[in-house]
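Written out below as structure tokens is the structure these notes cover.
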Protein chains: 2
Amino acid sequence: MSAIRGARERARDEIVAAIKEEARRQLARDGAAKLSLRAVARELGMVSSALYRYFPSRDELLTALIVDAYDAVGARAEAALAAADPADPAARWSAVCGAVREWALAHPHEYALIYGSPVPGYQAPEATIEPAGRVALALVAIARDAHAAGRLKELQVPPAPPVVCTDLERLTAEYALGLPAPVAAALVASWAQLFGLIGFELFGQFNNVVEARDAFFAHSVRGLAHQIGITDPESAPAGS
Amino acid sequence: MSAIRGARERARDEIVAAIKEEARRQLARDGAAKLSLRAVARELGMVSSALYRYFPSRDELLTALIVDAYDAVGARAEAALAAADPADPAARWSAVCGAVREWALAHPHEYALIYGSPVPGYQAPEATIEPAGRVALALVAIARDAHAAGRLKELQVPPAPPVVCTDLERLTAEYALGLPAPVAAALVASWAQLFGLIGFELFGQFNNVVEARDAFFAHSVRGLAHQIGITDPESAPAGS
DNA sequence: TCTCGCGCAAGAGCACCGCTCTCGTTGTTG
DNA sequence: CAACAACGAGAGCGGTGCTCTTGCGCGAGA
């Protein structure tokens with residue numbers, strides 16, 4: 001039951017994939033609130049009760065879609081990180097942030113599913129926490145590499161209070177991030193703030209406020225990078 | 001039909017208020033997705049169809065709650081602004097940001113309703129845009145006053161690109177904000193980023209990441225203030 | 001190879017939802 | 001006082017998530 005699996009098991013996997021595909025299509029079209037098990041089953045030519053053989057509840061289906069969405073945006077972020085010039089922290093930062101934003105704009109309902117309001121009884125079901133960290137880890141990698149290369153400027157902001165430092169030291173120790181606590185604090189803040197920018201743009205808060213969305217985002221993301229000590233190559237003095 | 005209104009009209013206002021009150025209670029308990037017209041009506045001792053005399057649809061009821069929520073958080077922000085030392089921009093900034101966060105922590109579902117994913121077919125129904133701006137205007141007032149008092153430091157970040165500047169100049173002209181475009185750009189970014197911080201804390205993204213929530217938020221908010229040129233009094237030279 | 005058992009689809013059904021329509025009733029107003 | 005409009009109640013439509021039972025057919029073990 002390990003290497004070669006029975007035809008039944010393979011068929012099951014295919015059906016699960018088909019259900020998720022159709023559910024993702026409905027999610028992209030109508031949003032999470034309108035996702036209906038009956039509609040998914042109808043579209044797949046089965047009866048609604050048959051679907052419960054594969055997902056024990058609507059929430060479980062949504063959880064599966066949440067995991068997939070985290071993985072999708074995480075993969076985009078990692079791809080953007082891999083494609084950027086490793087020697088240019090500012091470019092890497094902009095590339096990852098831009099990739100996340102573009103994925104969000106292309107999949108607004110999936111973005112809302114994972115970074116918007118938690119849908120029903122809102123618990124993070126354990127299986128989501130690992131894929132949820134992929135974007136964060138991409139950002140961490142940028143900061144870690146820049147720090148290791150000595151490309152991180154001294155922070156301009158007032159130092160983090162001790163309780164925050166111990167908090168972040170635990171975090172950097174646990175994940176072996178190799179970052180000083182003040183930088184880690186700035187990084188976590190930037191991470192959250194990045195999704196504030198994206199969320200406001202996506203959810204209409206920037207309507208009648210910001211029109212040049214691309215340029216504004218790029219500019220704000222430069223500000224976030226600056227916040228953790230990553231400066232544009234042209235604006236940073238190379239020597240001192 | 002103006003000064004002294006009939007008993008019927010007065011009863012109508014009372015019923016509308018009772019409906020909103022019960023709806024807000026259910027919203028706070030179960031979230032927007034679970035808000036049910038039938039349950040509200042049941043709790044109020046009426047039949048569900050009677051409710052449609054007061055709200056033409058469930059979405060209209062939700063819109064009313066959205067407006068109320070915007071007004072509530074806006075009022076909190078304005079109250080915090082009024083209570084803070086007018087001569088201390090950093091204190092005002094922290095006070096307003098902290099007030100917004102505290103309201104969000106106290107009313108998570110209402111916060112999710114207005115700053116989370118837009119619920120169904122997501123349109124901002126015109127009536128929401130004015131109360132939605134109250135928090136932003138409170139933040140603007142801080143920056144404007146600080147700028148007028150010469151308390152805004154030169155921005156440390158690279159200048160905003162021209163297209164962003166023209167965008168923000170239109171905005172400052174339209175609302176008579178009295179802010180230079182680069183400061184306005186930083187302010188809008190900080191505004192969005194503030195809600196990124198609050199949203200991540202509220203929606204569980206900081207679980208197992210940030211434990212000292214109060215201190216971390218206070219520290220990050222200082223960073224946001226720094227971003228628009230507001231510095232802590234103790235870290236800013238008083239004279240020059 | 002045959003048969004047994006398990007996985008499965010199907011259908012009926014329950015309780016609930018948003019929303020509509022009709023029908024008496026009742027307060028308001030000309 | 002009478003006509004009218006607003007109102008509450010009720011039935012009903014189509015939809016939802018979810019459960020339970022039933023019977024069938026495929027795959028694995030004898």
Side-chain angles (χ1 to χ4, degrees), chain A residues 1-20 22-23 25-27 29-66 113 119-123 125, chain B residues 1-20 22-23 25-27 29-66 113 119-123 125:
Chain A
M1 61 131 94
S2 59
I4 175 112
R5 300 167 341 201
R8 211 158 203 171
E9 244 178 289
R10 237 173 317 129
R12 177 172 239 281
D13 288 359
E14 272 177 35
I15 294 181
V16 166
I19 291 172
K20 286 209 290 186
E22 175 59 31
R25 180 163 30 243
Q26 295 198 10
L27 172 65
R29 180 161 28 90
D30 305 320
K34 297 271 184 69
L35 198 163
S36 146
L37 278 188
R38 289 185 117 109
V40 170
R42 206 180 304 127
E43 208 67 27
L44 260 48
M46 32 172 128
V47 86
S48 74
S49 60
L51 231 151
Y52 286 84
R53 298 269 171 198
Y54 303 94
F55 292 93
S57 75
R58 179 180 178 276
D59 282 4
E60 291 284 332
L61 215 196
L62 269 180
T63 300
L65 296 183
I66 287 174
L113 188 62
V119 198
Y122 88 111
Q123 72 297 359
Chain B
M1 59 133 94
S2 60
I4 175 109
R5 299 166 339 193
R8 208 159 207 173
E9 243 177 291
R10 236 173 317 127
R12 178 172 238 281
D13 289 0
E14 272 177 33
I15 294 180
V16 166
I19 291 172
K20 287 209 290 187
E22 176 59 31
R25 180 164 30 244
Q26 295 197 13
L27 172 66
R29 178 159 31 87
D30 305 320
K34 298 270 183 70
L35 198 162
S36 145
L37 278 188
R38 289 182 115 111
V40 171
R42 207 180 305 128
E43 209 67 26
L44 261 48
M46 35 171 123
V47 88
S48 74
S49 61
L51 232 151
Y52 285 83
R53 301 273 175 199
Y54 304 93
F55 293 94
S57 75
R58 179 180 178 275
D59 282 3
E60 292 284 332
L61 214 196
L62 270 179
T63 300
L65 296 184
I66 287 173
L113 189 62
V119 198
Y122 84 113
Q123 71 298 359

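Below, read A as the first sequence line, B as the second, and so on, with proteins coming before strands; counting in each chain starts at 1.
Taking atom CG of residue B:Leu61 and atom C1' of nucleotide C:dC17, one finds them 15 Å apart after rounding to whole Å. Rounded to whole Å, atom P of D:dT16 lies 11 Å from atom CG of A:Asp30. Computed from coordinates, the B:Arg12 CZ to C:dG27 C1' distance equals 14 Å when rounded to whole Å. In this structure, B:Leu37 atom CG and D:dG8 atom P are separated by 14 Å, rounded to whole Å. Atom P of nucleotide C:dA10 and atom CG of A:Leu51 are separated by 11 Å, given to the nearest angstrom. When rounded to the nearest whole Å, the span between CD of B:Glu43 and P of C:dC17 equals 12 Å. For B:Glu9 and C:dT29, the CD to C1' distance is 13 Å, given to the nearest whole Å. Put simply, CD on A:Glu60 is 15 Å from P on D:dG17, counting in whole angstrom units.
Comparing atom distances between the A:Ala39 side chain and each of D:dG17, C:dG11, D:dT16 picks out D:dT16 as nearest. Comparing D:dC18, D:dT16, C:dA9 against the side chain of A:Arg53 picks out C:dA9 as the nearest. Looking at the side chain of B:Ser49, the nearest of the listed nucleotides D:dG10, C:dC19, C:dC16 is D:dG10. The B:Arg58 side chain lies nearest to C:dC19 when the options are C:dA9, C:dC19, D:dA9. With C:dG13, C:dA10, C:dC17 as the candidates, the nucleotide lying closest to the side chain of B:Arg42 is C:dC17. The side chain of B:Tyr54 lies closest to D:dC7 when the candidates are C:dG18, D:dT16, D:dC7.
Residue contacts for B:Phe55: at a heavy-atom cut-off of 4.0 Å it reaches no nucleic acid atom on any strand shown. In this structure, A:Ser36 reaches the sugar-phosphate backbone alone: every heavy-atom distance under 4.0 Å involves primed, P, OP1 or OP2 atoms, never a base. Nucleic acid contact class of B:Ile15 (heavy atoms, under 4.0 Å, all strands): sugar-phosphate only. Among the heavy atoms of the strands lying under 4.0 Å from A:Ser48 is at least one base atom, whether or not backbone atoms are also near. Using a 4.0 Å heavy-atom cutoff across all strands shown, B:Leu35 reaches sugar-phosphate atoms only and no base atom.
One finds the CG atom of B:Leu37 at 9.5 Å from the CD atom of B:Gln26 (value rounded to the nearest 0.5 Å). Note that CG of B:Leu35 and CD of B:Glu22 are 9.0 Å apart. Values are rounded to the nearest 0.5 Å.
Side-chain atoms of B:Leu51 and B:Leu44, non-hydrogen and from C-beta on, never get closer than 4.5 Å to each other. Between B:Phe55 and B:Thr63 the shortest side-chain heavy-atom distance does not fall below 4.5 Å.
Judged purely by atom type and a 3.5 angstrom limit, B:Arg53 has no side-chain atom pairing as donor or acceptor with the backbone of B:Arg12.
Comparing A:Met46 and A:Arg38 against DNA chain C, the residue whose closest nucleotide sits nearer the 5' end is A:Met46.
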